[in-house]
Amino acid sequence: MSLLVREKVGQAVGILKERGIDLWLTLVRESGAVGDPVLPLIYGDADLTWQSFLAISSTGERLAIVGRFDAEGVRSSGAYSKVLPYDESPKPELLSVLDRLEPERIALNYSTTDVLADGLSHGLYQVLLGYLEGTPFAQRLVSAEEVIGALRGRKTAEEVARIREAVGTAQSIYERTFAFVQPGMTEIEIGDFMLARVADLGLQPAWHADHCPMVNAGPNTPVGHVERTQERVQRGQLLHFDFGVRQAGYCSDLQRVVYFLAPGEQSPPEPVQRAFDTVIRAIRAAVEAIRPGVLGKDVDAVARGLVTDAGYPEYKYGTGHQVGRYVHDGGGILGPLWERHGDAGDRPLEPGQVFTVEPGIMVPGYGYMGIEEDVLVTEAGAEYLSRPQGELVLR
């Protein structure tokens, strides 16, 4: 992971220059218990114990002020050009660095809109203000959300390769699951089969195993971030999945749907086929709209409008979120400007970002029709990382 950390730290320098930020300070302590979501990108998976200040300057300097017993671990990462260990207090080293660099804008790891840029605790922020009391630097603090959002979003070639591999693994497990499922099986049985395949590979699900995979059999099971139930697969109904794996530190996130033909049926009933076709058209239209510089809300509007114009209710979630080290990887979204989203849908798309595209429709009497693909934003538009589901799986 140290090579990837060095890549991301180097990438951060360019982002600071671009955003007009002189210094980015990431403050953590006891990160094994209270971790900052950005720490794996700029330090790795190891922990920092005492109050620690990871400082990246727009000049290219990369400094770490850490407790003496963490210093060697930071040095061995190779990501920081200078490690400044301390014993009793980090304050002298911190003020010395600030006095020398004289930053006008100091970005801190907090955010009101992006949870993955909001790792700084209120208590540690108060500690920092105490250290800066009587200095001009206390008035120069800003949020690092734009820096962190760009750093998380602009995937390196290595990051994209890892996500692509995780997507491929999830799809292979789906294929085995489609061959396995039978009418009469419960959601729990099906989920256990999928998790066993994940364990066979020495991997982990992309989010908590109680909810990954999500398995929704028919119309009477709750759809969302819920546990699997004893509801059984029945003919004449849909079976919906939401699933991904975490592989080499990166996630995939895919939804798929199976329809179980009722006795005498040779093809899905019209309501099921029409909903599937509508969702697929919405996905394809959204992917076609994705290109650098386009706002996430505008991509969302394309998919959302296609669904509602077909006469279906508006789905009450964003059309897509970013995927990376976390399945919900922060930063901008493909979503409307609802209050809970803040300005996340108002941010332009950038090359290197990986998004889900996941419109959905509830089909009364049959179940949930939700398909989800993972796509990479490129200079030319969008590239599917998944093999898109173009036909409804029939069993």
Side-chain angles (χ1 to χ4, degrees), residues 166-201 203-247 251-261 268 272-273 275-276 278-280 282-283 315 317 319-321 323 327-328 356-363 366-375 384-395:
V167 169
T169 298
Q171 291 198 297
S172 68
I173 293 174
Y174 265 130
E175 290 167 2
R176 295 185 65 179
T177 302
F178 296 157
F180 168 77
V181 293
Q182 298 290 336
M185 291 181 175
T186 68
E187 294 174 358
I188 291 175
E189 289 177 300
I190 297 167
D192 286 348
F193 173 85
M194 297 177 76
L195 289 174
R197 306 291 75 75
V198 175
D200 289 345
L201 296 170
L203 303 177
Q204 296 177 326
W207 56 96
H208 196 284
D210 286 348
H211 296 170
C212 182
M214 299 177 199
V215 183
N216 305 115
N220 299 318
T221 182
V223 176
H225 304 143
V226 296
E227 294 185 7
R228 299 173 291 278
T229 73
Q230 292 289 353
E231 191 77 20
R232 295 184 182 276
V233 174
Q234 297 183 39
R235 292 207 169 273
Q237 293 185 351
L238 292 167
L239 178 63
H240 166 259
F241 299 90
D242 193 347
F243 170 68
V245 300
R246 184 185 301 275
Q247 187 166 359
C251 297
S252 54
D253 186 11
L254 302 171
Q255 293 178 51
R256 292 292 182 261
V257 176
V258 178
Y259 178 72
F260 287 82
L261 294 166
V272 170
Q273 188 65 57
F276 177 80
T278 301
V279 168
I280 294 304
I283 290 173
Y315 48 90
Y317 55 86
T319 297
H321 56 80
V323 179
V327 72
H328 291 171
T356 65
V357 182
E358 49 179 305
I361 295 170
M362 181 59 71
V363 188
Y366 296 97
Y368 184 62
M369 183 67 71
I371 310 293
E372 180 178 24
E373 306 295 351
D374 295 341
V375 301
Y384 285 99
L385 297 180
S386 49
R387 297 187 304 277
Q389 181 173 353
E391 296 183 358
L392 186 55
V393 178
L394 301 178
R395 290 298 313 276

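Numbers here simply count residues along the sequence, with the first being 1. Just so it is clear, the values below take in all heavy atoms, side chains as well, and ignore hydrogens, waters and symmetry mates.
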Once you round to the nearest 0.5 Å, how far does OH of Y366 lie from CD of Q237? 9.5 Å
Write down the atom of N216, the atom of P222, and the distance for their closest heavy-atom approach. ND2-O, 3.0 Å
Keeping the roles fixed (side chain from R232, backbone from M185), state whether a donor-acceptor pair exists under 3.5 Å. no
State which residues pass salt bridge (Lys or Arg N to Asp or Glu O under 4.0 Å) with E187; sequence neighbours excluded, sorted by chain then number. none
All heavy atoms of L385 vs all of V167, minimum pair found to be O-CG1, 3.4 Å
Check for me whether the distance between the ring centres of H211 and H225 falls short of 6.0 Å. no
Could you work out, with salt bridge (Lys or Arg N to Asp or Glu O under 4.0 Å) as the rule, every residue matching E175, not counting sequence neighbours? R387
Check step by step if side chain to side chain contact (heavy atoms under 4.5 Å, CB included) holds for F180 and E189. CA-CA 11 Å; F180 168 77; E189 289 177 300; 5.7 Å; no
I'd like to check the side chain to side chain contact (heavy atoms under 4.5 Å, CB included) partners of C251; sequence neighbours left out, ordered by chain and number. A206, R246, V323, V327
Partner set under side chain to side chain contact (heavy atoms under 4.5 Å, CB included) for F178, not counting sequence neighbours: Y174, F241, R256, V258, V393
State, yes or no, whether a side-chain contact exists between F193 and V181 at a heavy-atom distance under 4.5 Å. no
Are the side chain of D242 and the backbone of C212 linked by a donor-acceptor contact shorter than 3.5 Å? no
Rounded at 0.5 Å granularity, tell me how far CD1 in I190 sits from CG in L239. 5.0 Å
I need the D200 CG to I173 CD1 distance, nearest 0.5 Å. 8.5 Å
Do any N or O atoms from the side chain of S252 and from the backbone of G244 form a donor-acceptor pair under 3.5 angstrom? no
Work out which heavy atom in P213 is nearest to a heavy atom in M194; give both atom names and the distance. CG-SD, 3.7 Å
Atom of M369, atom of V279 and distance for their closest heavy-atom approach: O-CG2, 3.7 Å
CG of D374 to OH of Y384, rounded to nearest 0.5 Å, is 11.5 Å
Enter the distance from L195:CG to L203:CG here, rounded to the nearest 0.5 Å. 12.0 Å
Can you give me the closest heavy-atom contact between V233 and Q182, atom names plus distance? CB-O, 3.9 Å
Check whether any side-chain N or O of T356 sits under 3.5 Å from a backbone N or O of H321 as a donor-acceptor pair, and report yes or no. yes
Supply the atom-to-atom distance L201 CG to T169 OG1, rounded to the nearest 0.5 angstrom. 6.5 Å
Sole residue of E373, Q389, E358 in side-chain hydrogen bond (donor to acceptor under 3.5 Å, both in side chains) with Q255: E358
Set of residues satisfying salt bridge (Lys or Arg N to Asp or Glu O under 4.0 Å) with respect to R176, sequence neighbours excluded: none
Do T221 and E231 get their side chains close enough for a donor-acceptor pair, meaning under 3.5 Å? no
Q230 meets the side chain to side chain contact (heavy atoms under 4.5 Å, CB included) criterion, sequence neighbours left out, with T186, I188
Write down the atom of F276, the atom of I371, and the distance for their closest heavy-atom approach. CE1-CD1, 4.1 Å
